[in-house]
Amino acid sequence: KDKKLDQIIKTIEANDIKFLKLELADIHGLPKSMAVPLKKADDVEDIVNDGLLFDGSSIAGLASINDSDLLAKPDIDTFSTIPWRPEVKGTSRFICDIFTTEGKPYDGDPRGVLKKSLQLAEKRGYQFNMGPEPEFFIITKDENGNYIPADEAEYFDVEPLDQGTDIRREIVLGLEKLDFNVEVSHHEVAAGQHEVDFKYADALKTADAVITFKEAVKALVNKLGFKATFMPKPFLGINGSGMHCNQSLFKDGKNIFYDPDTETQISQEALYFIGGLLKHAPALSAILSPTVNSYKRLVPGYEAPCYIAYGFKNRSTLLRIPASRGLGTRIECRSADPSCNPYLAFAVLLEAGLDGMDNKIDPGEPTEDNLFAYSEEEIAAKGINNLPTSLWEAYHSLEEDDVVKNALGEKVFNQFYNIKRAEWDSYRIQVFDYERDEYLNV
Ligand code: ADP
Ligand code: MG
Ligand code: MG
Ligand code: MG
Ligand code: MG
């Protein structure tokens, strides 16, 4: 028997685990799961070997109604015990890969999309690393039943202004039980907004971690009587929540984005990778900023990018190269937000970057000015293009970009495109209070 499986069975026995959750993500990156009651610890062996059949057509973007039977097979490396479930007769979980009933990898599985992209990197000898910074709000309801931020603190504030200190403590302790390596947590810029950073790892492990992170934060905050939201822009006039994606490629344990012999200590490969990210930025938007609401975050003045450019210390550009060198050399993409599906997001970032390296795409000169200080005309005169300003613009850009489409594969592209078009159509017919305020007297 597999050594890892043996260890898992021992853990289940020792901790009185009675439920095994099989988890997968829908096209929005939201976790879905089914729980199998364990009669005895080694029941887990059959579940790992055989998987579990399920109806995929009821999960957003996964399968069509006339071809809906799918097989969820646990990835044995994703075993963990869920800290917010009861300790007695507890619950453990696996994240699953999805197969057809014939046992072939299912091409509509977002996790499978990322695995396929990672193979392209592996073929070139690369490990693709990802360090995400998912931000979120802790909110509560006022006396009128409207959601408001749960505190009025600002960036790096401390108690008693920061009412989230104890909540973040519970989050960090819970994440550590889930084997997260938490690097830092702090209050963010906006009222009620927080950030908890965890250490980068290879992109598959990190994508699993993002799914788990959001699930854990929501569950732990809910237990304390508040609500956590990863909505990109929940409130007008204050910062939204991003999920900056820090990326690097390692080869034989060395960071190939680092080159001590250039003036900036950034390698030519890193510049080509940036070239690829810039070239494909409009199409990437559809995946990295995938909701109607995402584009309300991407407006000038809130540390969120609006322009397709890169810089070093610049937090007004789409891409930033943080000051860290050596192993920590990385490219930060600042447009991504936590409403994205991390499997799809990391897959398209990687393939856009690799396209830049394969085709030696020149990123041009870095931009070191605060772009928010310029007018539209001045930005245009510099030859800098806008990021898409709406979901409509983004999914049409995706339609025209073969590299990004190809990274998704035909099935996931079609499902994603149709769902996003429907989202946009449902949004564009709404009539809001704002419009009555503006236009009632025309
Ligand atoms: P910021 O200054 O943008 O707020 P943070 O310190 O909050 O940055 O987050 C940096 C993230 O980058 C962390 O998740 C960290 O683990 C990650 N990181 C560090 N080195 C690398 C690397 N070589 N590749 C990818 N991610 C990295
Ligand atoms: Mg059923
Ligand atoms: Mg940060
Ligand atoms: Mg932040
Ligand atoms: Mg950042």
Side-chain angles (χ1 to χ4, degrees), residues 118 121 126-138 153-157 162 164 168 171-172 175 179-210 212-214 217 230 232-234 238-260 265-267 269-270 273-274 277 288 297-298 302-305 310-338 340 342 345-346 349-350 353:
L118 290 174
Y126 302 144
Q127 174 184 314
F128 183 48
N129 296 305
M130 185 61 75
E133 304 172 58
E135 295 168 333
F136 57 94
F137 280 79
I138 297 176
E154 297 171 7
Y155 194 62
F156 276 20
D157 269 346
D162 175 8
R168 283 202 309 279
I171 291 171
V172 172
L175 289 172
D179 294 325
F180 274 70
N181 184 347
V182 176
E183 288 188 320
V184 64
S185 76
H186 58 84
H187 201 282
E188 257 298 341
V189 171
Q193 193 187 29
H194 304 269
E195 181 170 314
V196 178
D197 288 319
F198 49 95
K199 193 175 160 70
Y200 71 91
D202 77 81
L204 183 64
K205 196 169 169 217
T206 304
D208 289 341
V210 169
T212 307
F213 178 88
K214 288 175 61 180
V217 167
F230 290 87
K233 185 85 174 189
I238 56 176
N239 280 24
S241 292
M243 186 175 81
H244 297 166
C245 289
N246 293 271
Q247 308 157 68
S248 65
L249 289 174
F250 283 8
K251 188 171 201 170
D252 305 322
K254 285 209 176 89
N255 189 333
I256 68 153
F257 287 174
Y258 175 58
D259 180 353
Q265 299 189 311
I266 291 300
S267 69
E269 282 94 336
F273 197 95
I274 290 172
L277 292 177
L288 303 178
R297 169 178 165 261
L298 300 173
Y302 296 98
E303 291 177 68
Y310 80 104
F312 282 81
K313 289 177 186 144
N314 203 335
R315 287 172 198 260
S316 70
T317 50
L318 170 64
L319 305 175
R320 179 176 76 104
I321 303 173
S324 170
R325 291 293 178 270
L327 274 188
T329 312
R330 58 186 186 265
I331 300 164
E332 178 188 53
C333 175
R334 301 173 60 80
S335 62
D337 73 53
C340 74
F346 301 168
L349 283 168
L350 173 61

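Keep in mind that what you see is a predicted model, and the values were worked out from it rather than measured. Each ligand, and each atom within it, is numbered from 1 in the order the structure gives. Counting from 1, the numbers follow the sequence of the chain as shown.
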J.: Side chains of Ser241 and Gln193: donor-acceptor distance under 3.5 Å anywhere?
T.: yes
J.: Nearest 0.5 Å, please: how far is CG in Leu249 from CG in Asn255?
T.: 8.0 Å
J.: Checking side-chain polar atoms at under 3.5 Å, does Asn181 have a donor or acceptor matched by the opposite partner on Glu183?
T.: no
J.: Out of Arg315, Glu188, Lys199, Glu183, who is nearest to atom 15 (C) of ligand 1 when you count heavy atoms only?
T.: Glu183
J.: Just need the protein heavy atom nearest to atom 22 (C) of ligand 1, so name the residue and atom and give the distance.
T.: Ser248 OG, 3.4 Å
J.: Can you check side-chain contact (heavy atoms from CB on, under 4.5 Å) on Asn129 and Phe257, steps first, answer last?
T.: CA-CA 11 Å; Asn129 296 305; Phe257 287 174; over 6 Å; no
J.: Using a strict cut-off of 4.0 Å, indicate which atoms of ligand 1 neighbour a heavy atom of Glu332.
T.: 3 (O)
J.: State the atom name: nearest N, O or S atom of Glu188 to the Mg ion (ligand 4).
T.: OE2
J.: Looking at every non-hydrogen atom in both residues, tell me the closest pair between Arg168 and Ser185 and how far apart they are.
T.: NE-OG, 3.7 Å
J.: For the Mg ion (ligand 5), give me the closest N/O/S atom belonging to His244, just the atom name.
T.: ND1
J.: Under a heavy-atom criterion of less than 4.0 Å, does Gly328 contact ligand 1?
T.: yes
J.: Find the distance between CZ (Arg325) and CD1 (Ile266) and round it off to the nearest 0.5 Å.
T.: 3.5 Å
J.: Looking only at protein heavy atoms, which one is nearest to atom 21 (C) of ligand 1, and what is the separation?
T.: Tyr200 CD2, 3.3 Å
J.: From the N, O or S atoms in Glu332, identify the one nearest to the Mg ion (ligand 5).
T.: OE2
J.: Does Phe213 have its ring centroid less than 6.0 Å away from the ring centroid of Phe198?
T.: yes
J.: Which of the numbered atoms in ligand 1 are under 4.0 angstrom from any heavy atom belonging to Glu195?
T.: 7 (O)
J.: Tell me, which N, O or S atom in Glu195 is closest to the Mg ion (ligand 4)?
T.: OE1
J.: Number the atoms of ligand 1 from 1 as they appear, then name those within less than 4.0 Å of a heavy atom of Thr329, with their elements.
T.: 23 (N)
J.: Starting from atom 25 (C) of ligand 1, locate the nearest protein heavy atom and write down its residue, its atom name and how far away it is, to 0.1 Å.
T.: Asn246 O, 3.3 Å
J.: At a 4.0 Å threshold, what atoms of ligand 1 neighbour a non-hydrogen atom of Asp197?
T.: 5 (P), 7 (O)
J.: Under 3.5 Å between some N or O of ligand 1 and some N or O of Met130?
T.: no
J.: For atom 14 (O) of ligand 1, grab the closest protein heavy atom and report residue, atom and distance to one decimal in Å.
T.: Phe198 O, 2.9 Å
J.: Tell me if the centroids of the rings in His194 and His187 come within less than 6.0 Å of each other.
T.: yes
J.: Counting only nitrogen or oxygen atoms and a 3.5 angstrom limit, does Leu327 reach ligand 1?
T.: yes
J.: Does Phe257 come within less than 4.0 Å of ligand 1, judged by its heavy atoms?
T.: no
J.: Enumerate the atoms of ligand 1 whose separation from the nearest heavy atom of Asn255 is less than 4.0 angstrom.
T.: 23 (N)
J.: Apply the side-chain hydrogen bond (donor to acceptor under 3.5 Å, both in side chains) test between Asn246 and each candidate in Glu133, Arg334, Arg320; give the one that qualifies.
T.: Glu133
J.: Please determine whether Glu133 has a backbone or side-chain N, O or S atom lying under 2.8 Å from the Mg ion (ligand 4).
T.: no
J.: So, regarding Arg320 and ligand 1 (criterion: nitrogen or oxygen to nitrogen or oxygen, under 3.5 Å), is there a contact or not?
T.: yes
J.: Report the nearest protein non-hydrogen atom to atom 10 (C) of ligand 1: residue, atom name, distance rounded to 0.1 Å.
T.: Arg330 NH2, 3.6 Å
J.: Just need the protein heavy atom nearest to atom 4 (O) of ligand 1, so name the residue and atom and give the distance.
T.: Glu133 OE1, 2.9 Å
J.: Any idea which N/O/S atom from Glu135 gets closest to the Mg ion (ligand 4)?
T.: OE2
